[in-house]
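Below is one structure, written out as structure tokens, with a few remarks after it.
Here is the naming used below: chain letters follow the sequence lines, and residue numbers restart at 1 for every chain. The analysis underlying the following values was restricted to heavy atoms, covering all of them including side chains, and did not include hydrogens, waters or symmetry mates.
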Amino acid sequence: MAHDSIQLPCGGDGACMRCKVTPPTEETLTCSICAAPWHVGCLASKPETLASTLQWHCPDCSGDPLLPPSVATDGSSSELFVAIKAIEADESLTEKEKARKRQELVSGRVEEDGGNGKGESSVLDVLDESLNCSFCMQLPDRPVTTPCGHNFCLKCFQKWIGQGKRTCAKCRSTVPPKMASQPRINSTLVSVIRMAKLSKSNAAAGPLKVFHFIHNQDRPDKAFTTERAQKAGKANAASGKIFVTVPPDHFGPITAENDPDRNQGVLVGECWEDRLECRQWGAHLPHVAGIAGQSNYGAQSVALSGGYEDDEDHGEWFLYTGSGGRDLSGNKRTNKEQSFDQKFEKMNEALRVSCKKGYPVRVVRSHKEKRSSYAPEKGVRYDGVYRIEKCWRKVGIQGFTVCRYLFVRCDNEPAPWTSDEHGDQPRPLPAISELKKATDIFERKESPSWDFDEEGSRWKWKKAPPPSKKPANAADLKEGKRTRKAIRHSRKLSTRERLLKEFGCLICQQVMSLPVTTPCAHNFCKSCFEAAFTGKTAIRERNKGGRTLRSQKNILNCPSCPTDISDFLQDLQVNRELMDVIESLKQKSEENEEPAEEEPMNGLEESTDLGSSDEKTGKKTENVDPKDDLENALPNCEEERTSKRRKVDTAQVGDDDL
DNA sequence: TACCGTATATTT
DNA sequence: AAATATACGGTA
């Protein structure tokens, strides 16, 4: 975790890691998110108000999540400051209790929720009771799960690790090095928590908004152009039909109007197998290059694929590196070695134009980015739009100059890794320490074209987007016929049922019993999980096979991904917190047992029945696709999508067709 | 690890 | 209009 800030918290011994002094209590400040203590004297900016003191977020945490809107009142923060100190000094309290007390102090309430009487609303309580992160006592933000089955916020966990701890904060089990260095976000929990929150906030309001994670269902009309290309495999394939009708120089989200096939647009969280498939949905058109743009017009999208080691990903914001500086002679497509300096020209200039104008830039993340906690584990995922707030040049890791860009998220839909019900709100820019050594610093002077509209509480175009210079994809215009959208209805599931559905085992697809969570953040029934390894011993002799046999340790892969989880298998721990949640949900579901009216669940064939005379090869029927229902709970997280299964989500009420 | 079909921006 | 340069892919 490269911390950009030179501000540092106090270490395990209480000494400030920056100035090395152990500050007195009154000079320490505790982060309300990660609970780490900081030396006030070493902070660049101190909270000024009472409220902000109580809700103070440390530089690590505040660089990223929303800061509480700064309160205008000045204040004698001292009293509350003192109150907090008192709590912290109270030896009779456990850390947990302290954290809770702090929270209560801050919020001035004992427990959120309370009201809303209806049984439905208390699903949040169910999660709350079992799943809370023991650092901040909130439902985990970007939840990560230790092999011992305890759930924390990513940031709280990283903070803990950053203090040199290598044990679980809850049970003191050892945290494996891989988990410490590359914690994976547990997407099932992300979805479930968000869903629970949504169900609460929408209890009285309109239909529940669910974020679909839909897999690309069609293949290109013409996947290959030449025999040779076909033979050589996908890497050499022509990219095929573009399904959306936006022009190639379209900026911003792709909306339903431009998605004739599905009429829903490209939603945050959508995943594709590879860059070619991603391209077909228009999220990022170049199938090799990381930047889509034109130097005199702007950049529409970027990919984070781990190709540039200077990149630094913090989720809602990241530092991106320009392209070029590499020797591509010899017919190479990429080259890890940089051999000359980058300049603000071509694609790098295009990015600078988007910065200058404040255009929204679509961002996709690829599984190839291994250093980021926010990368999908497979394929390519659309993560929404970001703005480039500033750019500059600096000497990169390899010693040559690189162009740098600060991307900050500004999308109306929540990012795939948060459980927030809403998208971004304007956030303060993170402090970037490398700016001190930067040259050619460029910041936007004019007001951004894409900006937050306070009235509507949404991001939108404040100035007209630049006129497209290219024709919209004509492929779809040829047949005027609209795809008939499959009608899929199912009986309306209660919130609890839908939540339960999220807890599907990745193997049996039933609601998990005795759930276990792998270090790679996949969830299974304990029995299914174990069954997947029966007959495979932890020790195996490898007499054959071309390789030399080195360690005796068997490589046992997660059933959902290539991660070696043999260590995890050795000491299999049930995720009890998760299990408690499931049990409570089940129990309450049965209690409330309302006979739901069965509605016909019809065919949901995913629309391959294009009205046109397409030579659809009718392939892609690889999946038996058990019509979904509670029993066939398909987890709907992109991280969890392992096969070509299709998510059949039906939560939207008005999703009928023409 | 080597290698190549492709798409597109930019230059000729 | 055609040629060239470039690109954070993907596969055997």
Side-chain angles (χ1 to χ4, degrees), chain A residues 220 222-242 247-250 272-280 282-313 318-340 342-354 361-372 374-376 378-383 396-398 402-405 407 468-471 473 475 546 562:
Chain A
K222 289 202 261 185
F224 308 103
T225 49
T226 65
E227 284 300 309
R228 179 133 187 257
Q230 183 165 13
K231 210 166 172 183
K234 213 192 282 189
N236 296 324
S239 58
K241 178 181 171 184
I242 308 290
D249 54 358
H250 167 82
W272 305 284
E273 275 300 307
D274 52 37
R275 289 281 295 268
L276 287 160
E277 211 176 60
C278 167
R279 168 187 165 76
Q280 293 190 268
H284 183 67
L285 290 168
H287 79 260
V288 174
I291 303 167
Q294 305 77 33
S295 59
N296 59 356
Y297 187 70
Q300 292 82 27
S301 59
V302 298
L304 280 95
S305 307
Y308 284 84
E309 57 182 318
D310 288 290
D311 285 3
E312 199 182 294
D313 193 359
F318 59 88
L319 296 177
Y320 196 74
T321 310
S323 65
R326 294 165 166 183
D327 174 19
L328 299 180
S329 63
N331 207 9
K332 288 189 277 291
R333 298 296 172 274
T334 87
N335 182 346
K336 293 219 151 103
E337 308 297 316
Q338 197 177 352
S339 51
F340 54 95
Q342 293 182 356
K343 293 188 206 155
F344 282 118
E345 55 183 29
K346 303 191 174 155
M347 292 307 131
N348 296 346
E349 176 61 14
L351 284 174
R352 200 166 66 119
V353 171
S354 284
V361 181
R362 291 184 302 274
V363 170
V364 299
R365 281 183 173 81
S366 153
H367 69 107
K368 289 184 146 190
E369 171 54 275
K370 297 297 183 201
R371 295 172 307 144
S372 165
Y374 303 96
K378 290 185 62 177
V380 182
R381 185 186 64 208
Y382 173 62
D383 285 345
I397 293 172
Q398 298 189 11
V402 291
C403 297
R404 300 284 279 170
Y405 304 87
F407 279 71
S468 170
K469 295 179 169 177
K470 306 185 176 205
N473 152 36

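Sparse packing is recorded around NZ of A/Lys336, with 12 or fewer heavy atoms of other residues, nucleotides or ligands lying under 6.0 Å away.
Rounded to an integer number of Å, the gap from CD of A/Gln280 to P of B/dA7 is 11 Å. Regarding A/Asn348, its CG atom lies at a distance of 11 Å from the P atom of B/dT10, rounded to whole Å. The distance between atom CG of A/Leu328 and atom P of C/dG9, rounded to the nearest whole Å, is 13 Å. Spacing between atom NZ of A/Lys368 and atom P of C/dG10 amounts to 6 Å, rounded to whole angstrom units. Rounded to whole angstrom, the span from the CG atom of A/Asp313 across to the P atom of C/dC8 amounts to 17 Å. Atom CG in A/Asn331 sits roughly 13 Å away from atom P in C/dA5 (whole-Å rounding). Atom-to-atom, CZ of A/Arg279 to P of C/dG10 comes out at 13 Å; the value is rounded to the nearest Å. Distance, A/Met347 CE to C/dA5 C1': 11 Å, rounded to whole Å.
A/Tyr405 and A/Phe344 have perpendicular rings, their planes meeting at more than 60° on a 0 to 90° scale where under 30° would count as parallel.
Using a 4.0 Å cut-off, no side-chain N or O of A/Thr321 falls inside it from OP1 or OP2 of C/dC8. The phosphate of C/dC8 (OP1 or OP2) has no side-chain N or O of A/Arg371 nearer than 4.0 angstrom.
Just one residue in the list A/Asn348, A/Thr321, A/Asp311 forms a side-chain hydrogen bond (donor to acceptor under 3.5 Å, both in side chains) with A/Arg404, and that residue is A/Thr321.
The nearest heavy atom of DNA chain B to A/Glu345 and to A/Gly330 marks one nucleotide each, and the one closer to the 5' end goes with A/Gly330.
Classification of A/Arg365 and A/Asp313 as a salt-bridged pair holds, one side-chain N sitting under 4.0 Å from a carboxylate O. In this structure, A/Arg371 pairs ionically with A/Glu369, as a charged nitrogen and a carboxylate oxygen lie closer than 4.0 Å.
A/Asp327 and A/Ser339 share no side-chain donor-acceptor pair at under 3.5 Å.
Note on A/Lys470: only backbone sugar-phosphate atoms sit closer than 4.0 angstrom, heavy atoms only; bases stay farther off.
Sorted by residue number, the members of residues 285-300 of chain A with any non-hydrogen atom under 4.0 Å from DNA chain B read A/His287, A/Gly293, A/Gln294, A/Ser295.
Remark: side-chain polar atoms of A/Arg362 are paired, donor with acceptor, to backbone N or O of A/Ala283 under 3.5 angstrom.
Nucleotide B/dT12 is matched to C/dA1 when pairs are restricted to Watson-Crick or G-U wobble geometry with both distances under 3.5 angstrom.
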